[in-house]
K.L.:
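Before I ask anything, here is the structure I am working with.
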Amino acid sequence: MGRPNDEVAELFQEFADLLSITGEAAYKVRAYEKAARAIGGYHEDVSALDLKGLRQIPNVGDAIAKKILDYQETGTIRQLEAVRAKIPAGVRALTAIPTLGPKKALVLYEELGISSVDELAEAIPAGRLEGLKGFGAKSEENILHGIELMRRAGDRVLIDVAMGVAEEIIAVLSPLAGRCEYAGSLRRSRETIGDVDILATADDPGPLMAALVALPLVAEVIARGEKKTSIRTVKGLQVDLRVVPPESYGAALQYFTGAKAHNVRTREIAVRAGLKLSEYGLFDVESGDLVVSRTEEEVYERLGLPWIPPTLREDGGEVDAAIKGELPRLVQLGDLRGDLHSHTDLTDGIASLEDMVAAAAAHGWEYFAITDHAPNLFMQRMTDEKMLAQREAAHALGERYPDLTLLHGTELNIDADGEVDWPAEFLSGFDICVASVHSLFTQDRATMTRRLVRAVENPGVHVLGHPTARLIGRRASVDADWDEVFAACARHRTVLEIDAFPDRLDLPADLIRRALRHGAKFSIDSDAHATGHFANLRYGVGTAQRGWLTPDDVVNTWPLDRLRAYLAGS
DNA sequence: GCCGTTTTCGGCCCGACTGTTTTCAGTCG
């Protein structure tokens with residue numbers, strides 16, 4: 001488990017789930033959910049705040065603040081323990097089954113004593129649900145199907161997989177639609193995607209729905225209505241297609257982009273202004289007249305807000321920033337002038353130096369760093385001689401590309417104690433040195449923190465590569481006191497990498513926002529091992545945007561002389 | 001339980017689809 005804020009947020013989310021099962025009023029459940037999100041995203045450590053400090057957290061009032069004090073003293077919350085005693089954890093787990101929510105979970109528990117997914121999976125074929133109110137044959141079938149899906153863990157997919165599906169579908173539907181775009185978490189550039197939301201406009205949705213269900217990638221039609229059709233692809237990814245009239249496009253795009261919590265905020269603003277916001281538009285409550293709906297910009301403007309970039313729409317302070325006119329000018333893909341981390345076939349890349357440089361030049365970069373692995377990552381079989389020979393080759397090659405400055409660098413290995421491959425003298429021969437953790441991922445927090453800080457303090461290290469070393473869905477982040485690491489980065493002018501590989505996206509967005517508070521700088525790098533990998537930079541930029549970064553925060557948007565001056569001070 | 005340029009009380013986002021409830025509750029996003 002991570003920092004105390006995450007633990008407390010998880011406790012309140014659990015409390016909210018359990019309250020919804022016990023039938024507690026919906027507004028109270030929502031209050032705990034809102035508080036959980038606010039606590040999880042709060043910049044100060046809630047385990048160190050007093051009552052007054054806790055009350056400063058949005059959506060945390062007296063009652064919740066006192067529960068946090070309870071947590072500080074006892075490590076748990078009395079009221080949560082009380083409801084845990086009434087509702088077994090397995091009942092909460094039932095609500096993770098699609099089509100099964102809190103109400104039905106409670107019926108199953110109270111009427112049949114079912115308190116786990118496994119028990120439910122056995123009870124249905126045994127006929128134990130027959131005659132139970134609200135559970136017909138179709139419900140049983142849906143539940144069994146849902147359990148099967150859960151067990152296949154077809155859970156969430158990486159963003160590049162979802163993007164591939166979305167672009168394939170949009171290519172087919174676009175000719176039949178006025179407009180057709182992806183919305184939802186994909187448009188917000190979340191690092192994993194639960195389902196793909198496609199929005200299209202048409203006066204007659206029929207042909208679009210028919211075209212979707214006829215696609216070869218469709219394994220199953222989950223729902224098919226006049227305005228919405230849901231399918232599951234052969235790989236288990238759900239796709240929802242919503243079709244709205246052309247004049248509703250802006251309101252619908254705003255609505256289906258979410259996040260849900262962001263929409264709640266915008267709708268509350270609408271309500272206070274005597275307006276009602278839905279996917280069909282912004283309406284005057286009294287007259288029922290449509291006010292605006294054509295574009296997102298119009299909708300936000302009528303609510304008194306500037307247009308808010310989708311990557312910020314997480315109810316993470318963006319609405320308040322918009323009201324105050326303090327939205328950041330987010331970094332864009334087009335702002336990047338170069339790439340500071342890439343590999344060739346001299347180590348584990350699959351393209352030659354020549355091909356990588358040619359691709360970088362074709363990309364229009366002003367500068368490009370080759371950073372093959374250093375000797376201590378033994379499997380890569382690097383030697384001093386090979387590295388120096390590559391430097392020669394790179395310099396010679398550079399002369400063929402007058403508009404591209406080639407930087408010769410390396411990706412150092414941070415060892416157990418935070419030391420790197422070469423002595424200072426050899427390191428000074430490189431234009432740029434990335435340093436990364438590639439082993440011993442499970443060191444305790446104190447050891448890992450010392451290890452990372454030591455690497456960051458090394459004057460020969462310019463960039464801390466994929467800092468958490470996580471692999472999404474496969475390997476957890478290393479455990480470190482990140483505030484200490486980020487403070488060291490700011491102090492020593494060591495850049496934090498945002499590795500754009502879809503299974504890394506490292507630093508993650510929440511840590512980027514924390515590092516930003518320390519005044520650290522960032523680089524959005526491809527970590528390319530092939531020429532095609534430059535395309536991943538879009539996901540790195542999406543992650544940087546989710547971390548609220550501006551071009552000034554990202555060193556590889558800078559002109560080369562400014563970048564060099566910054567790195568020289570590290 | 002939280003919150004306040006209409007409020008310290010009375011609100012709290014809105015709509016689509018499914019299944020079975022013959023008029024709507026539950027789930028989902």
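Within every chain, numbering begins at 1; the chains are lettered A, B, ... in the order of the sequence lines, protein sequences first and strands thereafter.
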K.L.:
For nucleotides dT23(B) and dC17(B), find the distance between their C1' atoms and express it as a whole number of Å.
P.N.:
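It works out to 16 Å between them.
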K.L.:
In whole Å, I'd like the distance from the CG atom of D240(A) to the C1' atom of dA16(B).
P.N.:
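So the CG-C1' distance, D240(A) to dA16(B), works out to 11 Å.
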K.L.:
Take atom C1' in dT8(B) and the same atom in dC3(B), then report the distance between them in whole Å.
P.N.:
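The same atom, C1', in both gives a distance of 9 Å.
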K.L.:
Taking atom C1' in both dC14(B) and dT5(B), compute the distance separating them and give it to the nearest angstrom.
P.N.:
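The answer is 26 Å between these two C1' atoms.
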K.L.:
In this structure, how many angstroms lie between the P atom of dT27(B) and the NZ atom of K138(A), rounded?
P.N.:
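Taking atom P of dT27(B) as the reference, NZ of K138(A) is at 17 Å.
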K.L.:
Mind telling me whether F12(A) and Y32(A) have parallel, tilted or perpendicular rings, with 30° and 60° as the class edges?
P.N.:
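Correct class here is parallel.
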K.L.:
Could you please name the partner base of dT8(B), counting Watson-Crick and G-U wobble pairs only when both distances are under 3.5 Å?
P.N.:
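With both distances under 3.5 Å required, dT8(B) matches none.
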K.L.:
Considering only NZ, NE, NH1 and NH2 on the basic side and carboxylate oxygens on the acidic side, decide whether R84(A) and E14(A) come within less than 4.0 Å.
P.N.:
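The answer is yes: the pair qualifies as a salt bridge.
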K.L.:
Strictly below 4.0 Å, N to O, side chains only: are R30(A) and E33(A) in salt-bridge contact?
P.N.:
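The answer is no: the pair does not qualify as a salt bridge.
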K.L.:
To check you understand the geometry: which heavy-atom pair defines the closest contact between G194(A) and L237(A), and what is its length?
P.N.:
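Answer, listing the atom of G194(A) first, then L237(A): O-CD1, 3.7 Å.
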K.L.:
Looking at D62(A) and K66(A), is any side-chain nitrogen of the basic one under 4.0 Å from a carboxylate oxygen of the acidic one?
P.N.:
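Judged by the 4.0 Å cut-off on N to carboxylate O distance, K66(A) and D62(A) do form a salt bridge.
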K.L.:
Which value, in whole Å, describes the distance between the C1' atoms of nucleotides dG26(B) and dT20(B)?
P.N.:
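Nearest-Å result for dG26(B) against dT20(B) at atom C1': 11 Å.
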K.L.:
Just checking F256(A): base, sugar-phosphate only, or nothing, at a heavy-atom cut-off of under 4.0 Å?
P.N.:
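Touches nothing.
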K.L.:
Output the rounded distance in Å from CZ (R37(A)) to P (dG1(B)).
P.N.:
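It works out to 18 Å between those atoms.
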K.L.:
Hey, does L19(A) reach any base, or is it just sugar-phosphate, or nothing, if we go heavy atoms under 4.0 Å?
P.N.:
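The residue L19(A) makes no contact with any strand.
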K.L.:
Among dA16(B), dC28(B), dT18(B), which is the nearest nucleotide to the side chain of P98(A)?
P.N.:
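For the P98(A) side chain, the nearest candidate turns out to be dC28(B).
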K.L.:
Given atom CG of D17(A) and atom P of dT27(B), what is their separation to the nearest angstrom?
P.N.:
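Roughly 13 Å, once rounded to whole Å.
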K.L.:
Between dA16(B) atom C1' and M209(A) atom CE, what is the distance in whole Å?
P.N.:
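In whole Å, dA16(B) C1' and M209(A) CE are 11 Å from each other.
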K.L.:
In whole angstroms, how far is the C1' atom of dT22(B) from the NZ atom of K133(A)?
P.N.:
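Interatomic distance, NZ of K133(A) to C1' of dT22(B): 14 Å.
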K.L.:
How close or far is atom P of dA16(B) from atom CG of L199(A), stated in whole angstroms?
P.N.:
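From L199(A) CG to dA16(B) P: 14 Å.
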K.L.:
Can you tell whether the side chains of R78(A) and D70(A) come within less than 4.0 Å, N to carboxylate O?
P.N.:
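Result for this pair is yes, salt bridge flagged.
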K.L.:
Do any side-chain nitrogens or oxygens of S139(A) fall under 4.0 Å of OP1 or OP2 in dT18(B)?
P.N.:
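False: S139(A) side-chain N/O out of range (4.0 Å or more) of dT18(B) OP1/OP2.
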K.L.:
Show me the pairs that pass salt bridge (Lys or Arg N to Asp or Glu O under 4.0 Å) and involve residues 291-308 of chain A, at least two apart or across chains.
P.N.:
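Residue pairs passing salt bridge (Lys or Arg N to Asp or Glu O under 4.0 Å), neighbours aside: R187(A)-E296(A), E296(A)-R313(A).
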K.L.:
Closest-nucleotide mapping onto DNA chain B: is K28(A) or A105(A) further toward the 5' terminus? I mean the 5' end.
P.N.:
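This one resolves to K28(A).
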K.L.:
Can you build the contact string for nucleotides 3-14 of chain B? Use B for base contact, S for sugar-phosphate-only contact, and - for no protein heavy atom under 4.0 Å.
P.N.:
S--B-----BBB
K.L.:
Please state how far atom CG in L80(A) lies from atom P in dG1(B), giving the value in whole angstrom units.
P.N.:
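In whole Å, dG1(B) P and L80(A) CG are 14 Å from each other.
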K.L.:
Between dC17(B), dT27(B), dA16(B), which nucleotide has the shortest distance from any of its atoms to the side chain of A223(A)?
P.N.:
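Nearest nucleotide to the side chain: dC17(B).
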K.L.:
Please measure how far the C1' atom in dC13(B) lies from the corresponding atom in dC2(B), and state the result in whole Å.
P.N.:
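It comes out at 16 Å once rounded to the nearest Å.
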K.L.:
Between P102(A) and R224(A), name the one whose nearest nucleotide on DNA chain B is closer to the 5' end.
P.N.:
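So the residue in question is R224(A).
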K.L.:
Within less than 4.0 Å of OP1 or OP2 of dG26(B), is there a side-chain N or O belonging to K104(A)?
P.N.:
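Answer is no, no contact under 4.0 Å.
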K.L.:
Going by heavy atoms in the side chains, are E279(A) and R242(A) under 4.5 Å from each other?
P.N.:
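Side chain of E279(A) against side chain of R242(A), heavy atoms only: contact under 4.5 Å found.
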